[in-house]
*Asks:* 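Can you keep this structure in mind? I'll have questions shortly.
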Amino acid sequence: MLDARFVRENIALLKSALQKRATDINLEEFSSLEAERLRLTRETEDLRNKRNVASEEIGRLKREKKDASDLMQQMKAVADRIKEIDEELNSIEEKTSAMLMVIPNIPHESVPVGKDEDDNMEIRRWGEPGKFDFEPLNHWDIAERLDIIDFERGAKIAGARFSVMKGAGARLERALMNFMLDLNTSKGYKEIFPPILVNKESMTGTGQLPKFEAELYKTSDLELYLAPTAEVPVTNIHRGEILDEEQLPVYYTAYTPCFRREAGAYGKDVRGLIRQHQFNKVELVKFTKPEDSYDELEKLTNNAEDILQKLNLPYRVIVLCTGDMGFSSAKTFDIEVWLPGQNRYREISSCSNFESFQARRANIRFRREGQKGTEFVHTLNGSGLAIGRTLVAILENYQQQDGSVLVPEAIRPYMGGMEVIA
RNA sequence: GGAGAGGUGGCUGAGUGGUUGAAAGCGGCGGUCUCGAAAACCGUUGUAGGGGCAACUCUACCGGGGGUUCGAAUCCCCCCCUCUCCGCCA
């Protein structure tokens, strides 16, 4: 969420920023509603002041056993008027906050302007895509041959886009979680295991609601949603809090399952593990001072890359253009891993700086040493990494001609020393 | 699920419907004292939004939302959360 005052005072700037993001919000309407809101606020505050003064006087008169019925009569009228204005104010605020809630974040100046994913820019590559002297298979073919992922039974149990991990596949899934959590915590991220069901306030705090309800699973008898990413519960840890300057930056890492409806992705990635309704992910989350957040974004991205390097998986880093960025983000780097079975790079991590956008929604502030007042923190997060897609990358990059898959050295300790899945 | 108790400032904890933004204590900050520190003493110490160049001033906030009243932390209703006991359960 953007600051209401900022919006009404920067209409022009916003217009061009929002154009870049291919959204249309009626900013003039917002502005005039805001002006009305301010006018009414002043009026009601004046009336309240009048009433407060009079009420005190009434109290004094009564203590002195004098008649106050005249004044009380007058204040009754004032109270009615206050009520009237407040109702008007409520309806205006409902509108303005609803508008404010669906305005996306303003892209950082370093973000390339573009329309869609074709305008994203590659920043760097690491590793060489491996050469195979046989035709590399898709991960679902590899997995089915090894009987480590069962898509059919996943569909039977739950539906399309669900799967059952079995044997060495299940073990590998677990090994990857532990490997990533251990690596992340060794870099100073505190391990978190949060609730996976979250309330509406949390979803609103990080920006999933109110705009993206269709992407979320919601429980029927309770107002609880299944988290689509650990970003939601972990960022909301500090919702409504004022942090001390010396606490910052705060680093968290969390493994959680993630649940996404994938509405509107009907034709996409229907086979395999790439796009599932339920998947596992290890997330990195940071709370920083505003002046540090872009350095911290670089570091966070590097931390995610390090996981791929330790697994010796080739990848590239791209910066998303204005048209492809998520709603809440000011700047996003995607890390894409090389998948020989698809002969292309696929997203495996998305690292974003939300600046104060989420912090303002979730009201997460900090206080500078020796200074009056508070400021919003900047929040960041990135996958470190998506487990299922990492497993896919391992299967495809480490596959051998005989259909077996080598276990990357870094995770052999987590696999009980297993060197090959056959 | 049943029965009860309670949610007040960074923390502990008072609060009869009328200077209560809120006693007191602790903590924090500043000062006096000291070579320095502790102790003691004095002072200060919430957030947000309006107005003003500023000093300052107004408004709101005592879990959340409604209501009663000239006036609500205090009374009424709904919701949320915490605690205790019983039952059930991993």
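Every chain is numbered from 1 and lettered A, B, ... according to where its sequence line falls, protein lines coming before strand lines. As a basis for the values below, the full set of heavy atoms in this structure was taken, side chains included, without hydrogen atoms, waters or symmetry mates.
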*Asks:* Round to the nearest Å and state the distance from A/Leu89 atom CG to B/G49 atom C1'.
*Replies:* 12 Å
*Asks:* So which one's nearest nucleotide on RNA chain B is more toward 5', A/Asn52 or A/Ala79?
*Replies:* A/Asn52
*Asks:* Can a donor-acceptor pair be found between the side chains of A/Glu283 and A/Thr253 at a distance below 3.5 Å?
*Replies:* no
*Asks:* Nearest to the A/Glu45 side chain among B/U68, B/U47, B/G49, which nucleotide is it?
*Replies:* B/G49
*Asks:* Between A/Arg260 and A/Glu262, is there a salt bridge with N-O shorter than 4.0 Å?
*Replies:* no
*Asks:* NA contact type, A/Arg63, heavy-atom cut-off 4.0 Å: base, sugar-phosphate, or nothing?
*Replies:* sugar-phosphate
*Asks:* Return the value, rounded to whole Å, for the distance between atom NZ of A/Lys62 and atom C1' of B/U69.
*Replies:* 10 Å
*Asks:* Is the phosphate of B/G64, meaning OP1 or OP2, less than 4.0 Å from a side-chain N or O of A/Lys200?
*Replies:* no
*Asks:* Ignoring backbone atoms, test whether A/Arg42 places a side-chain nitrogen or oxygen under 4.0 Å from the OP1 or OP2 oxygen of B/C58.
*Replies:* no
*Asks:* Can you tell me the pairing partner of B/C83 across any strand shown, Watson-Crick or G-U wobble, with both distances under 3.5 angstrom?
*Replies:* B/G4
*Asks:* Should the pair A/Phe162 and A/His277 be assigned to parallel (<30°), tilted (30 to 60°) or perpendicular (>60°) ring geometry?
*Replies:* tilted
*Asks:* Answer yes or no: does a side-chain N or O of A/Thr374 lie under 4.0 Å from OP1 or OP2 of B/A48?
*Replies:* yes
*Asks:* Is the shortest side-chain heavy-atom distance between A/Ile274 and A/Arg389 below 4.5 Å?
*Replies:* yes
*Asks:* Establish, with yes or no, whether the OP1 or OP2 oxygen of B/C58 is under 4.0 angstrom from a side-chain nitrogen or oxygen of A/Asn49.
*Replies:* no
*Asks:* At under 4.0 Å between heavy atoms, how does the protein contact nucleotides 72-83 of chain B? Give one character per nucleotide, 5' to 3', with B, S or -.
*Replies:* ------------
*Asks:* In whole angstrom, what separates A/Asn90's CG from B/G67's C1'?
*Replies:* 14 Å
*Asks:* Who does B/A48 pair with, Watson-Crick or G-U, both distances under 3.5 Å?
*Replies:* B/U59
*Asks:* Remember a base hit wins even if backbone is also touched, and classify A/Leu71 as base, sugar-phosphate or nothing at under 4.0 Å, heavy atoms.
*Replies:* nothing
*Asks:* The side chain of A/Ile242 is closest to which nucleotide in this list: B/A60, B/U47, B/C70?
*Replies:* B/U47
*Asks:* If only side-chain N and O atoms count, and only distance matters, is there a donor-acceptor pair under 3.5 Å linking A/Thr379 with A/Gln358?
*Replies:* yes
*Asks:* Using a 4.0 Å heavy-atom cut-off across all strands, classify A/Arg37 as base, sugar-phosphate, or nothing.
*Replies:* nothing
*Asks:* On the nucleotide B/G50, are OP1 or OP2 found under 4.0 Å from the side-chain N or O atoms that A/Arg39 carries?
*Replies:* no
